Asks: 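Sharing a structure, written as structure tokens. Questions coming.
If you're wondering where the values come from, they're calculated on a predicted model, not measured in any experiment. These numbers come from the heavy atoms of this one structure, side chains and all, not from hydrogens, waters or symmetry mates.
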Amino acid sequence: DEVLYSNDSISTGFPGFGGGAPGGAVFVGFVAPETGIAKIVIDDYDANNEFPDANIGYDTFRIPAIPAIQVEIDIKPDSVENNLNLRSRGNVAVAILSTPDFDATTTDPSTVSLAGAPVTRNGKGTLMASLADINADGLDDLIVDFRVEALHLMATDTLAVLEGRTYEGIRLNGSDAVHIVPVWRA
């Protein structure tokens with residue numbers, strides 16, 4: 001049996017059917033997003049309002065996973081090579097490009113990561129994210145910055161993967177080539 005869990009578990013009493021009333025019931029739903037498994041349990045209260053009195057019904061089912069939207073990204077939009085020095089203390093800009101099928105402005109910057117690194121925050125704690133038409137196609141793109149030091153990349157990596165979600169919670173994935181610059185030691 002899988003253990004079902006969620007940070008977004010729901011526990012709601014229904015008026016006239018529960019909500020803590022003696023003889024009522026409560027609905028509890030759990031979802032494990034990683035597996036797509038959900039469980040719904042309905043338990044009733046006894047006359048002393050002690051929970052649970054008896055399990056009066058449950059169902060376990062699989063919710064089909066919604067595939068991630070594959071998005072186009074451009075690491076270092078002003079560069080063709082996408083050279084990265086992993087010891088750099090600077091930031092790297094990444095453009096999430098809008099297309100006729102995807103509006104990059106619907107991306108929630110607080111959910112975006114590049115090679116495991118979150119979007120950088122400025123000194124006031126604001127995410128370093130902005131909108132601009134990077135590729136001159138008439139559509140606004142989302143530009144986000146990442147601390148190069150925070151990227152989980154190795155010297156042999158040739159691809160950096162971006163992950164995130166839209167404001168509606170739809171997963172996004174994109175990738176772009178990178179060239180890790182060797183660190184020369186004297």
Asks: For Q70, does the CD atom have more than 12 heavy-atom neighbours from other residues, nucleotides or ligands under 6.0 Å away?
Replies: yes
Asks: Donor-acceptor pairs under 3.5 angstrom involving side-chain atoms of residues 96-105: please list them, not counting sequence neighbours.
Replies:
from, atom 1, to, atom 2, distance (Å)
S98, OG, A104, N, 2.8
S98, OG, D140, O, 2.5
T99, OG1, D101, N, 3.2
T99, OG1, F102, N, 3.0
D103, OD1, T105, N, 3.0
D103, OD1, T105, OG1, 2.6
D103, OD2, T105, OG1, 3.0

Asks: Under a single-linkage definition using a 4.5 Å side-chain heavy-atom cutoff for Ile, Leu, Val, Met, Phe, Trp and Tyr, are I69 and I73 assigned to the same hydrophobic cluster?
Replies: yes
Asks: Under the rule for side chain to side chain contact (heavy atoms under 4.5 Å, CB included), what residues qualify as partners of T156, not counting sequence neighbours?
Replies: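 Partners of T156 by the side chain to side chain contact (heavy atoms under 4.5 Å, CB included) criterion, ordered by chain and then number, come out as M154.
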Asks: If you look at every heavy atom in D133 and G138, which pair is closest and at what distance?
Replies: OD2-N, 2.7 Å
Asks: Would you check if L127 and V144 make a side-chain contact, meaning some heavy-atom pair closer than 4.5 Å?
Replies: no
Asks: Report, one line per pair, each donor and acceptor closer than 3.5 Å where one atom sits in a side chain of residues 76-83; sequence neighbours left out.
Replies:
from, atom 1, to, atom 2, distance (Å)
K76, NZ, N83, O, 2.8
S79, OG, E81, N, 3.3
S79, OG, N82, N, 3.2
N82, ND2, D176, OD2, 3.1
N82, ND2, A177, O, 2.7
N83, OD1, H179, ND1, 2.8

Asks: Spell out, yes or no, whether V92 and I143 are grouped together once hydrophobic residues are joined by side-chain heavy atoms under 4.5 Å, including indirect joins.
Replies: no
Asks: Determine whether T107 and V71 satisfy the following criterion, side chain to side chain contact (heavy atoms under 4.5 Å, CB included), listing intermediate values before the conclusion.
Replies: CA-CA 11 Å; T107 303; V71 297; over 6 Å; no
Asks: I'd like to check I170 versus T106 (side-chain heavy atoms, cut-off strictly below 4.5 Å). Are they in contact?
Replies: no
Asks: Would you sort out whether L151 and L84 count as a side chain to side chain contact (heavy atoms under 4.5 Å, CB included), showing the intermediate values?
Replies: CA-CA 10 Å; L151 300 174; L84 292 175; 4.0 Å; yes
Asks: Search all heavy atoms of A155 against all heavy atoms of L86 and return the closest pair with its distance.
Replies: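 Closest approach of A155 to L86: N-CD1, 4.4 Å.
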Asks: Hydrophobic clustering (ILVMFWY, side-chain heavy atoms < 4.5 Å, transitive) - are L172 and L131 grouped together?
Replies: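 Yes, L131 connects to L172 through the hydrophobic network.
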Asks: Does anything in residues 143-156 form a salt bridge (Lys or Arg N to Asp or Glu O under 4.0 Å)? List the pairs, not counting sequence neighbours.
Replies: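 Passing the test, one end in residues 143-156: R89-E149, R147-E149.
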Asks: Output all residues satisfying side chain to side chain donor-acceptor pair (under 3.5 Å) with T111, sequence neighbours left out; order by chain, then residue number.
Replies: none
Asks: Once you round to the nearest 0.5 Å, how far does CG of L162 lie from CG of L114?
Replies: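 The CG atom of L162 sits 6.0 Å away from the CG atom of L114.
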Asks: Not counting sequence neighbours, which residues clear side chain to side chain donor-acceptor pair (under 3.5 Å) with D157? List them please.
Replies: none
Asks: Can you tell me how far the OG atom of S113 sits from the CZ atom of R165, to the nearest 0.5 Å?
Replies: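 The CZ atom of R165 is 11.0 Å from OG of S113, to the nearest 0.5 Å.
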Asks: Do N91 and F146 have side-chain heavy atoms sitting under 4.5 Å apart?
Replies: no
Asks: Taking I134 as the fixed residue, which of L139, D141, L142 is the one that meets the side chain to side chain contact (heavy atoms under 4.5 Å, CB included) rule?
Replies: D141
Asks: List the atom of S88, the atom of G90, and the distance in Å for their closest heavy-atom pair.
Replies: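 Looks like OG-N, 3.0 Å.
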